[in-house]
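Reviewing the structure listed below.
Everything numeric in this text was worked out from a predicted model, so none of it was measured.
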Amino acid sequence: MTATGSERAMSNLEYDLLTTLHHKAEAVKAYDTYINDAQSMNSQPCVELFQKLKQQDMQQAEEIRQHLQEVMQKGKM
């Protein structure tokens with residue numbers, strides 16, 4: 001973000017966390033397609049890999065959300 005002082009709608013840190021959370025959410029959504037593709041190819045190892053990656057991203061998204069909430073409430077961690 002480039003605005004200064006009180007002109008900012010949110011801090012750079014809030015923006016960074018929000019952007020990162022958005023990317024994680026998009027990845028989680030995409031994994032459903034990847035899982036379906038692997039299932040259609042009868043590739044159980046790939047299904048399991050995508051499910052594992054999806055679960056990890058979901059956990060990371062939750063951690064990011066918690067950090068974002070705290071930064072938005074307190075202005076920092």
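Distance check: I64 CD1 to H67 NE2 gives 8.5 Å after rounding to the nearest 0.5 Å.
Heavy atoms only, all atoms of each residue included: T20 and D16 are closest at OG1-O, 2.8 Å.
Residues satisfying the side chain to side chain contact (heavy atoms under 4.5 Å, CB included) criterion with F50, sequence neighbours excluded, are Y31, Y34, I35, A38, C46, L53. For Q66, the side chain to side chain contact (heavy atoms under 4.5 Å, CB included) partners two or more places apart in sequence, or in a different chain, are E62. Legend: residues meeting side chain to side chain contact (heavy atoms under 4.5 Å, CB included) with L18, ordered by chain and number and at least two apart, are M10, L68. Not counting sequence neighbours, the partners of E70 by the salt bridge (Lys or Arg N to Asp or Glu O under 4.0 Å) test are K74. Remark: Q69 engages R65, Q73 in a side chain to side chain contact (heavy atoms under 4.5 Å, CB included) (not counting sequence neighbours). Every salt bridge (Lys or Arg N to Asp or Glu O under 4.0 Å) that D32 has, sequence neighbours left out, goes to K54.
Inspection of the Q60 and Q56 side chains reveals no N or O donor paired with an N or O acceptor under 3.5 Å.
Between the side chain of S40 and the backbone N or O of D37, at least one donor-acceptor pair lies under 3.5 Å.
Under a hydrophobic clustering in which Ile, Leu, Val, Met, Phe, Trp and Tyr are joined whenever their side-chain heavy atoms come within less than 4.5 Å, directly or via other members, L21 and M72 fall into the same cluster.
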